[in-house]
Amino acid sequence: MIEIKGLAKKFGRHEVLKNINLTIHDKEVVVIIGPSGSGKSTILRCINHLEEPTAGTIAVDGMIAGDVKSINKMRMEVGMVFQRFNLFPHMTVLRNITLAPMKIRRESKSEAETFALQLLEKVGLVDKKDAYPETLSGGQQQRVAIARALAMKPKFMLFDEPTSALDPEMVREVLDVIKKLAKEGMSMAIVTHEMGFAREVADRVLFIDEGVICEEGTPEAIFSHPQEERTKSFLSKIL
Ligand code: ADP
Ligand code: MG
């Protein structure tokens, strides 16, 4: 599990996260919602050490990463998918997926390719294995990005607005892949503005506002019976 205690993050004098306490249990799907600029991405980026916390600890499976070596080890356990897919443009889909497992996990080419093809099957893109990213739609590229993250066999997946950069007709295909992962028991934290999806997949929903967890609960509790004024006000603007 991922255990975050007393996490704070400042950029200069700007306190972006204040005393965040959050545990993501094995097989749990946590959805994070909240206004733009409230600190959602910063939480995910701190989990993966793309940002260094100003205070607090983040333990992944009981280990608190400190030096470069332990950070790299931790990153193998925590896959991340961003709004922008960032596939390597000069590599085929298959190569995009097998690169890190071969380099970092020291898998053989055939081992990495066998698993990559299984993942492409899962995201519905086996027929695109030899294609280059620019020839794919945004939704297809994001599904490859998910397969690429899964190729490292992570225990946790972090998704930061995975469908925000997509044309509306491509949102569903990406959400369906994430939903499938949730059903298979992958532990995940997902930042999203897709409230219908949040309701479908979340075990727990967190509403973040101005760097604090303002309210948390089951999807039913948060979406149908929000308690805090700020949660109500946010939901009334977006639902
Ligand atoms: P969200 O994902 O909820 O929209 P972010 O976590 O991206 O919010 O950002 C929270 C706040 O931190 C914003 O005010 C943003 O401008 C600020 N911020 C994020 N990253 C940086 C950075 N690298 N340097 C300075 N300020 C940052
Ligand atoms: Mg963000």
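One-based numbering, in listed order, for ligands and for the atoms of each.
- Among the atoms of Ser41, an N, O or S atom falls under 2.8 Å of the Mg ion (ligand 2).
- A cation-pi arrangement is absent between Arg105 and Phe115, since the terminal nitrogen or guanidinium carbon is not both under 6.0 Å from the aromatic centre and inside a 45° cone about the axis.
- Between Lys180 and Asp176, none of the side-chain N atoms (NZ, or NE/NH1/NH2) sits under 4.0 Å from a carboxylate O, so this pair counts as no salt bridge.
- Annotation: side chain to side chain donor-acceptor pair (under 3.5 Å) contacts of Asn19 (sequence neighbours excluded): Asn21.
- Listed as neighbours of ligand 1 are Phe11, His14, Val16, Pro35, Ser36, Gly37, Ser38, Gly39, Lys40, Ser41, Thr42, each bearing a heavy atom under 4.0 Å from the ligand.
- Within a 6.0 Å radius of NZ in Lys153, other residues, nucleotides and ligands contribute more than 12 heavy atoms.
- Within 6.0 Å of NZ on Lys27 lie no more than 12 heavy atoms contributed by other residues, nucleotides or ligands.
- Counting heavy atoms of neighbouring residues, nucleotides and ligands inside a 6.0 Å radius, atom CD of Glu121 does not exceed 12 of them.
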